[in-house]
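To keep things clear, I will list the structure first and then write my remarks on it.
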Protein chains: 2
Amino acid sequence: MAQKITLKKIAQDLNVSISTVSKALRDSHEISEERREKIKKYAKEFNYKPNSIALSLKNQKTKKIGIIIPEIVHHFFATVISGVERVANEKGYQVIITLSGESFDKEVVNMEMLANGSIDGFIMSLSKETMEKQDFHHLREVTNQGMPIVMFDRVSNDIPCDKIIIDDVAAGHEATEFLLRKGKNKLGIISTVDYVNVGRLRSQGFSQALQQRGFEVHDHQFLKIEDIDRCEQKIEQFIADNDFDALVAVNELFAVTASKAIQKLGKKIPEDVAIVAFTDGILSKYASPTLTTIGQKGEEMGGIAAAKLIEKLESSDHDNESYETVIVKTSLVERESTP
Amino acid sequence: MAQKITLKKIAQDLNVSISTVSKALRDSHEISEERREKIKKYAKEFNYKPNSIALSLKNQKTKKIGIIIPEIVHHFFATVISGVERVANEKGYQVIITLSGESFDKEVVNMEMLANGSIDGFIMSLSKETMEKQDFHHLREVTNQGMPIVMFDRVSNDIPCDKIIIDDVAAGHEATEFLLRKGKNKLGIISTVDYVNVGRLRSQGFSQALQQRGFEVHDHQFLKIEDIDRCEQKIEQFIADNDFDALVAVNELFAVTASKAIQKLGKKIPEDVAIVAFTDGILSKYASPTLTTIGQKGEEMGGIAAAKLIEKLESSDHDNESYETVIVKTSLVERESTP
DNA sequence: TTGTACGCGTTATCAG
DNA sequence: CTGATAACGCGTACAA
């Protein structure tokens with residue numbers, strides 16, 4: 001009930017001026033020790049804390065960074081936030097999160113809300129709709145105002161800003177090469193439709209790896225799933241129709257679904273068919289058998305994004321007009337689904 | 001680069017006073033239509049948006065709500081945030097998220113940071129350490145300042161505030177009764193240590209259901225896990241040592257681990273041993289076999305929490321000093337792990 | 001119809 | 001050593 005205490009109230013109660021209180025609390029030597037102590041004691045008793053809104057207004061800095069992501073219930077994004085939060089907190093920043101829900105309009109609205117002084121800078125990953133529309137005017141508006149953006153994972157080349165991505169082609173290559181080295185030679189890949197970047201790029205890496213090893217690449221080796229909710233049938237069909245001895249799946253869900261289909265057909269993992277999945281998450285760790293995956297290091301990406309953003313925020317403003325794209329190395333985690 | 005535009009700048013550029021601009025933009029009839037239009041056009045051209053920090057300071061309202069949760073990478077918490085965010089956005093509020101990482105100290109620090117004017121109210125779930133220590137002084141300080149808190153899931157009865165919980169006793173009862181009705185009669189429960197509320201209460205429901213059916217309840221039916229990282233061994237031991245025909249697990253991880261242990265022992269699910277898990281998440285849906293679970297409805301809890309908080313925030317301040325505890329019904333989702 | 005003054009809480013600067 | 005004043009951006013009561 002006791003309303004929040006302010007400098008003004010302390011000043012009134014102690015019959016001194018506001019600026020005296022302010023100085024005393026900041027240990028200024030301008031104030032006599034006696035008075036200083038008295039004021040500090042009083043402030044402590046009433047648990048005085050400077051009002052951060054007032055400070056934001058005065059300093060033109062909020063010490064907050066805004067995140068806009070498509071969904072928070074996706075494990076990858078949750079890990080990114082976790083990384084952002086960790087680094088931000090270490091450096092005295094708070095994190096405001098908004099969700100676009102893969103909607104362009106909501107992404108725009110949220111950006112506008114946050115850009116009105118709520119935060120010092122953005123960390124974001126574009127919504128699917130934005131990727132499809134290729135409309136980035138909201139980002140440009142923000143950067144034009146001098147507010148820095150760091151993009152991760154789903155980025156746009158049209159916007160000049162720092163970017164944190166993984167090299168999906170290389171990652172697809174790594175997964176494939178790993179299977180080839182294990183002696184597998186009848187490979188298939190379960191991917192998304194091509195306009196989803198990650199699916200297209202990882203498939204590209206898959207093809208490259210095969211070709212480098214002198215294999216021919218055929219269409220029947222590629223399954224491109226459009227509707228994630230009804231992927232089961234298609235995956236079962238894909239596996240039944242082909243005599244694969246190894247599969248790459250561009251996400252955990254496809255991998256688990258494939259794993260089940262394979263076992264249903266009476267084949268053994270990894271002896272008959274091996275699997276490498278992408279996006280190391282909970283499913284891979286707890287599926288039966290556990291899945292070898294290419295980890296996406298969301299935590300690390302988030303951490304790097306936050307560090308980059310804060311660096312920009314705290315560099316003496318505008319002398320630093322160069323932008324960097326950081327490629328985070330993926331890491332292969334071996335589990336039971338590969339020999 | 002074009003710095004953010006303010007009322008002041010518009011006023012200068014147009015050679016009028018600040019208040020004229022302010023009034024014009026708010027469609028005041030005090031201002032002549034001609035001038036009004038001119039000002040509005042200019043403002044639109046430079047994309048003027050009121051600075052939210054200044055508004056916060058003036059109105060003593062931030063239109064932001066703070067969330068403190070233990071971890072964001074737990075699916076349940078992610079769904080709660082999703083629900084909070086949805087409702088908050090609908091009502092024009094933004095969401096600031098901080099993570100305690102299950103640490104008491106970090107919870108305290110984060111609360112203090114947010115309480116200094118950054119937000120209008122809290123939505124939170126206590127860290128494990130806080131539950132263990134039973135130290136809630138930081139919560140009390142905040143409520144004493146007149147800032148409302150809504151707690152969910154992990155709550156404290158010591159703090160007067162709205163609470164959103166699931167009836168864990170009833171849920172434990174439901175899970176157990178379900179197994180009994182399926183003809184199982186040698187039941188065990190894999191739970192957490194007692195100071196974690198959910199574990200204790202669900203265990204309680206487990207006991208109640210058994211006793212109501214005339215079963216005796218013995219200590220050996222309870223496994224209480226302290227360290228979630230090394231639960232595997234203990235769960236295997238627990239299953240090997242007892243001849244259960246059904247298990248209740250208070251979270252997905254325990255359930256999946258148990259499922260694997262059971263299959264390792266050559267027993268069949270659900271014929272030999274059935275499983276009911278808690279917290280319906282991704283794992284339950286994709287484990288082999290898929291798991292029957294008691295769903296926790298995180299999205300709904302988050303939505304209710306946000307609605308309650310905003311209601312309190314917008315009710316004419318202090319006439320509303322009653323607190324409510326909302327019990328969200330759980331729902332059993334049948335899958336392959338039960339007959 | 002337009003402009004001035006004030007207050008939100010803080011700090012920095014300058015005057016006493 | 002202490003205090004008054006300005007400024008951050010906004011809205012509004014009051015004065016012109």
Side-chain angles (χ1 to χ4, degrees), chain A residues 3-40 42-43 46-64 113 115-120 145-147 317, chain B residues 3-40 42-43 46-64 113 115-120 145-147 317:
Chain A
Q3 278 310 311
K4 258 207 100 55
I5 194 146
T6 66
L7 287 186
K8 196 185 190 180
K9 258 182 229 135
I10 297 181
Q12 283 171 347
D13 294 353
L14 262 44
N15 270 318
V16 291
S17 79
I18 295 177
S19 50
T20 303
V21 177
S22 175
K23 283 173 186 166
L25 293 179
R26 323 192 81 244
D27 259 334
S28 163
H29 291 287
E30 292 180 31
I31 309 297
S32 69
E33 185 157 351
E34 190 189 7
R35 208 159 254 212
R36 225 189 307 159
E37 287 312 316
K38 193 174 158 195
I39 291 174
K40 286 172 85 170
Y42 194 86
F46 286 88
N47 196 28
Y48 169 80
K49 297 272 166 53
N51 178 306
S52 68
I53 296 291
L55 287 179
S56 295
L57 185 58
K58 177 138 194 64
N59 303 330
Q60 301 289 65
K61 293 200 175 156
T62 62
K63 288 285 214 170
K64 296 190 189 5
M113 287 181 63
N116 296 331
S118 294
I119 59 166
D120 296 337
Q145 277 177 188
M147 183 173 286
D317 271 3
Chain B
Q3 276 311 308
K4 259 209 99 55
I5 192 140
T6 66
L7 287 186
K8 196 183 189 179
K9 257 183 230 135
I10 299 181
Q12 283 172 347
D13 294 354
L14 262 44
N15 272 319
V16 291
S17 81
I18 295 177
S19 59
T20 303
V21 179
S22 174
K23 283 172 186 167
L25 293 179
R26 321 192 84 245
D27 260 335
S28 164
H29 292 286
E30 291 180 32
I31 309 297
S32 67
E33 185 158 349
E34 188 191 8
R35 207 160 256 209
R36 225 190 307 158
E37 288 313 316
K38 191 174 159 197
I39 291 174
K40 286 171 86 169
Y42 193 86
F46 287 89
N47 195 27
Y48 170 80
K49 296 274 164 51
N51 179 304
S52 70
I53 296 289
L55 286 180
S56 295
L57 186 58
K58 178 148 192 55
N59 303 331
Q60 302 288 65
K61 291 196 177 157
T62 62
K63 289 284 216 171
K64 296 191 189 5
M113 286 181 64
N116 296 331
S118 295
I119 59 167
D120 296 338
Q145 278 177 188
M147 182 172 287
D317 271 2

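Computation of the quantities below employed the complete heavy-atom set of this structure, encompassing side-chain atoms and omitting hydrogens, waters and symmetry-equivalent molecules. So that the names make sense, note that chain A is the first sequence line, chain B the second, and so on, each numbered from 1.
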Do any of residues 10-22 of chain A sit with a heavy atom less than 4.0 Å from DNA chain D, and if so which?
-> A/Val16, A/Ser17, A/Ser19, A/Thr20
Phosphate-side-chain proximity, B/Gln60 and C/dG7, N/O vs OP1/OP2 below 4.0 Å | no
Nearest-nucleotide check on DNA chain C, B/Ala54 vs B/Ile31; residue mapping nearer the 5' end is B/Ile31
Produce the list of close N/O pairs, under 3.5 Å, pairing protein atoms with atoms of nucleotides 14-16 of chain C; give distances to one decimal.
none

Quick one: label A/Leu55 by what it contacts on the DNA or RNA (base, sugar-phosphate, nothing), any heavy atom closer than 4.0 Å.
-> sugar-phosphate
If you look at every strand shown and take non-hydrogen atoms under 4.0 Å, does B/Lys8 touch a base, only sugar-phosphate, or nothing?
-> sugar-phosphate
Can you tell me the distance, in whole Å, between the CG atom of B/Leu7 and the P atom of C/dA5?
-> 18 Å
Point-to-point distance, once rounded to the nearest 0.5 Å, from [atom1] of [X] to [atom2] of [Y]:
| X | Y | atom1 | atom2 | answer |
| --- | --- | --- | --- | --- |
| A/Leu14 | A/Ile39 | CG | CD1 | 6.0 Å |
| B/Ser56 | B/Lys64 | OG | NZ | 5.5 Å |
| A/Asn116 | B/Lys49 | CG | NZ | 6.0 Å |
| B/Lys63 | B/Leu55 | NZ | CG | 11.0 Å |

Using atom types as modelled and distance alone, determine if a side-chain donor or acceptor of A/Asn51 lies under 3.5 Å from a backbone N or O of A/Ile53.
-> yes
Nucleotide range of DNA chain D contacted by chain A, 5' to 3', under 4.0 Å to a heavy atom?
-> D/dC1 to D/dG9
